[in-house]
Amino acid sequence: MLSSDFSNLASEAERMIRCGADWLHMDIMRIIVPFIFIFCRHFVPNLTIGAPVIESLRKHTKAYLDCHLMVTNPMDYVEPFGKAGASGFTFHVEASKDNWQELVQRIKLKGMRPGVALKPGTPIEDVYPLVDGENPVDMVLVMTVEPGFGGQKFMPEMMEKVRALREKYPSLDIEVDGGLGPSTIGVAASAGANCIVAGSSVFGASEPAQVISLMRKSVEEA
């Protein structure tokens with residue numbers, strides 16, 4: 001949804017569901033907003049989409065809200081996102097190595113589905129303990145671009161991570177995010193990805209429903 005028209009978020013969400021999307025992927029990341037005062041400059045951390053936006057959107061849709069939190073302190077957001085109506089809560093392994101077990105437990109207690117994400121430079125082995133643990137995550141998100149900006153080029157070398165995950169965990173939900181579209185869905189699906197995040201390729205298409213249908217077919221055939 002980062003590629004959607006934020007001024008019409010509810011109608012954009014409805015449009016995507018009508019076009020055949022199963023989930024609505026919400027990118028939650030910190031941005032830095034500069035405020036200039038008389039004698040000094042302050043930088044105030046903010047979020048692209050915060051819990052209040054999720055809460056507002058929830059009033060207009062029953063869709064699965066797949067929240068991907070690209071933040072350094074995911075524990076702080078579990079309670080507000082749970083109250084807001086988030087369906088899934090995916091945190092980054094790079095930001096949770098010291099407390100992931102407690103984090104996963106809290107996510108589940110708030111009624112959300114836990115997932116773990118990793119950046120392109122992070123070894124896939126870093127997420128294995130989170131899938132093998134006594135209180136495992138339900139999904140692994142493999143970033144196929146550097147997180148933070150839409151419209152980047154797909155990194156095909158990341159498919160080795162997807163293949164390794166699929167071989168090790170045949171029934172795991174494996175999500176891929178970044179640069180996915182008609183020209184890249186085939187390699188992602190054949191590698192074993194079954195949850196596809198597409199932003200620019202869908203919202204920028206003249207017929208979004210056709211793009212979604214094409215990508216769904218590729219995953220089903222794979």
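- The heavy-atom pair separating Ser3 from Ser200 by the smallest distance is OG-N, 3.3 Å.
- Clustering ILVMFWY residues whenever any of their side-chain heavy atoms sit less than 4.5 angstrom apart, transitively, puts Val197 in a cluster other than the one holding Val127.
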Lys97/Asp126 under salt bridge (charged side-chain N to carboxylate O under 4.0 Å, His left out): CA gap, chis, key distance, verdict: CA-CA 9 Å; Lys97 290 183 178 180; Asp126 283 13; 3.4 Å; yes

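- Enclosure of atom CG in Asp98 is not indicated, since only 12 or fewer non-hydrogen atoms of other residues, nucleotides or ligands lie within 6.0 angstrom.
- Other residues, nucleotides and ligands contribute over 12 non-hydrogen atoms within 6.0 Å of the CD atom of Glu125.
- By the 4.5 Å heavy-atom criterion applied to side chains, Met70 and His92 are counted as neighbours.
- Taking the six-membered ring where the residue is Trp, Tyr77 and Phe81 present perpendicular rings, their angle passing 60° and hence far from 30°.
- Rounded to the nearest 0.5 Å, atoms NZ (Lys161) and CG (Leu118) are 4.5 Å apart.
- When side chains are defined from C-beta on, Glu55 does not count as touching Arg58, because their heavy atoms never get closer than 4.5 Å.
- Taking every heavy atom of both residues into account, Cys67 and Ile54 meet most closely at SG-CD1, 3.9 Å.
- At a threshold of 4.5 Å between side-chain heavy atoms, the hydrophobic network of Ile, Leu, Val, Met, Phe, Trp and Tyr places Tyr128 and Met139 in two separate groups.
- Hydrophobic clustering, with ILVMFWY side chains joined whenever heavy atoms are under 4.5 angstrom apart, groups Phe203 together with Leu180.
- Residues Phe89 and His68 form no side-chain contact, since every pair of their non-hydrogen atoms from C-beta on lies 4.5 Å or further apart.
- Across every non-hydrogen atom of Pro114 and Pro136, the tightest pair is CG-O, 4.3 Å.
- For Glu157, the CD atom counts as densely surrounded, since its 6.0 Å shell holds more than 12 non-hydrogen atoms of other residues, nucleotides or ligands.
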Full working for salt bridge (charged side-chain N to carboxylate O under 4.0 Å, His left out) between Glu12 and Arg15: CA-CA 5 Å; Glu12 289 279 72; Arg15 181 167 70 100; 2.9 Å; yes

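- One distance of note links CE of Met1 with CG of Leu65; it measures 9.0 Å at 0.5 Å rounding.
- A donor-acceptor contact under 3.5 angstrom links the side chains of His25 and Asp27, judged on distance only.
- One hydrophobic cluster holds both Val162 and Val131 under the rule that ILVMFWY side chains link at heavy-atom gaps under 4.5 Å.
- Atom CD1 of Ile17 sits about 4.0 Å away from atom CG of Leu24, to the nearest 0.5 Å.
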Name every donor-acceptor pair, under 3.5 Å, that has one atom in a side chain of residues 183-195 and the other anywhere in the protein, sequence neighbours excluded.
from: Thr184; atom 1: OG1; to: Gly179; atom 2: O; distance (Å): 2.9
from: Thr184; atom 1: OG1; to: Gly181; atom 2: N; distance (Å): 3.0
from: Thr184; atom 1: OG1; to: Gly181; atom 2: O; distance (Å): 3.4
from: Ser190; atom 1: OG; to: Gly186; atom 2: O; distance (Å): 3.0
from: Ser190; atom 1: OG; to: Val187; atom 2: O; distance (Å): 3.1
from: Asn194; atom 1: OD1; to: Arg166; atom 2: NH2; distance (Å): 3.2
from: Asn194; atom 1: OD1; to: Ile174; atom 2: N; distance (Å): 2.8
from: Asn194; atom 1: ND2; to: Asp173; atom 2: OD1; distance (Å): 2.8

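- Just one residue in the list Lys108, Gln105, Gln101 forms a side chain to side chain donor-acceptor pair (under 3.5 Å) with Asn135, and that residue is Lys108.
- Counting Ile, Leu, Val, Met, Phe, Trp and Tyr side chains that sit under 4.5 Å apart, directly or through other members, Leu109 stands alone, with no cluster partners.
- Criterion: ILVMFWY side-chain heavy atoms under 4.5 Å apart, direct or through other members. Under it, Met112 and Trp23 are not part of a common hydrophobic cluster.
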